[in-house]
Amino acid sequence: MTKFEEFKQEFDEKFESIYDYMEDFYRESFGGKLIENNDKFNYDSYGNEESDLERVIYFEKYDINVMFSGNRSSYDGEEWTDMKEVKKVEKTITVWQ
């Protein structure tokens with residue numbers, strides 16, 4: 001069993017959904033340190049929100065980084081739909097200017 005599978009098993013036993021964890025992230029004893037917040041906020045001309053949520057959280061107990069993703073909208077509220085293990089990768093980009 002991989003570290004992520006162990007993490008997911010314990011996570012699923014403790015929480016009904018990803019939303020339950022994210023809702024109490026800063027108060028939750030399950031742990032996790034926010035490494036990166038890539039939320040992208042989008043508003044239309046009327047002020048309605050349709051944002052993409054993406055956060056990377058490090059779990060020391062398992063020594064893994066997990067990316068949680070979802071969306072938030074003015075009409076439907078916040079919904080977290082996915083989690084996956086991610087690793088930091090460095091890339092070199094060459095551009096012509």
Side-chain angles (χ1 to χ4, degrees):
M1 185 178 283
T2 68
K3 290 180 184 181
F4 181 72
E5 290 169 335
E6 291 175 20
F7 163 82
K8 180 126 174 47
Q9 182 177 2
E10 185 176 343
F11 186 94
D12 289 343
E13 288 171 4
K14 185 159 175 104
F15 302 102
E16 296 272 331
S17 67
I18 299 170
Y19 177 82
D20 290 342
Y21 171 72
M22 297 305 282
E23 183 177 44
D24 288 332
F25 172 73
Y26 291 105
R27 295 180 298 208
E28 181 52 54
S29 61
F30 190 71
K33 178 183 175 187
L34 182 63
I35 301 297
E36 193 163 333
N37 181 336
N38 290 325
D39 293 354
K40 293 175 182 67
F41 300 101
N42 300 307
Y43 299 93
D44 66 16
S45 60
Y46 298 103
N48 297 318
E49 181 182 12
E50 187 65 44
S51 299
D52 296 320
L53 307 173
E54 188 177 274
R55 298 180 190 159
V56 177
I57 299 174
Y58 174 72
F59 293 91
E60 186 174 358
K61 178 178 179 180
Y62 298 97
D63 191 31
I64 61 171
N65 296 303
V66 178
M67 179 185 291
F68 294 92
S69 56
N71 58 57
R72 179 174 42 231
S73 70
S74 298
Y75 299 104
D76 297 326
E78 192 171 280
E79 182 179 8
W80 293 91
T81 55
D82 191 34
M83 70 172 138
K84 63 182 176 183
E85 182 178 7
V86 293
K87 298 180 190 235
K88 189 175 188 177
V89 177
E90 291 188 30
K91 294 182 177 183
T92 302
I93 300 173
T94 304
V95 296
W96 295 88
Q97 294 185 341

| So Tyr21 and Trp80, side-chain contact (heavy atoms from CB on, under 4.5 Å) or not? Walk me through it. | CA-CA 10 Å; Tyr21 171 72; Trp80 293 91; over 6 Å; no

| request: To the nearest 0.5 angstrom, please state how far the CG atom of Asn65 sits from the NZ atom of Lys33. | output: 10.5 Å

| Honestly curious: do Phe4 and Val56 fall in one hydrophobic cluster under the side-chain, below-4.5 Å linking rule? | no

| said: I need the Lys88 NZ to Glu36 CD distance, nearest 0.5 Å. | reply: 8.5 Å

| said: The test is side-chain contact (heavy atoms from CB on, under 4.5 Å); show your working for Met83 and Phe11 and say whether it passes. | reply: CA-CA 11 Å; Met83 70 172 138; Phe11 186 94; 3.4 Å; yes

| request: Following the transitive rule for hydrophobic clusters with a side-chain heavy-atom cut-off under 4.5 Å over Ile, Leu, Val, Met, Phe, Trp and Tyr, establish whether Phe15 and Val66 coincide in one cluster. | output: yes

| field | Pairing residues for Asp82 by the side-chain hydrogen bond (donor to acceptor under 3.5 Å, both in side chains) criterion, not counting sequence neighbours | value | none

| request: Determine whether Ile35 and Met22 fall in the same hydrophobic cluster, where Ile, Leu, Val, Met, Phe, Trp and Tyr are linked whenever their side-chain heavy atoms lie under 4.5 Å apart. | output: no

| note | Residue set satisfying side chain to side chain contact (heavy atoms under 4.5 Å, CB included) with Thr81, at least two apart, ordered chain then number -> Glu79

| side chain to side chain contact (heavy atoms under 4.5 Å, CB included) with Lys61: which residues, sequence neighbours excluded? | Glu10

| note | Taken in chain and number order and not counting sequence neighbours, the residues that satisfy side-chain hydrogen bond (donor to acceptor under 3.5 Å, both in side chains) with Asp39 are Arg55

| field | For Glu23, all residues meeting side chain to side chain contact (heavy atoms under 4.5 Å, CB included), sequence neighbours excluded | value | Tyr19

| field | Leu53 side, atom CG; Arg72 side, atom CZ - distance, nearest 0.5 Å | value | 5.0 Å

| field | All side-chain hydrogen bond (donor to acceptor under 3.5 Å, both in side chains) counterparts of Asp63, not counting sequence neighbours | value | Tyr58

| Non-hydrogen atoms of Ile57 and Leu34 that approach each other most closely | CG1-CD1, 4.1 Å

| field | Cluster overlap Ile18 with Phe59, hydrophobic side-chain contacts below 4.5 Å | value | yes

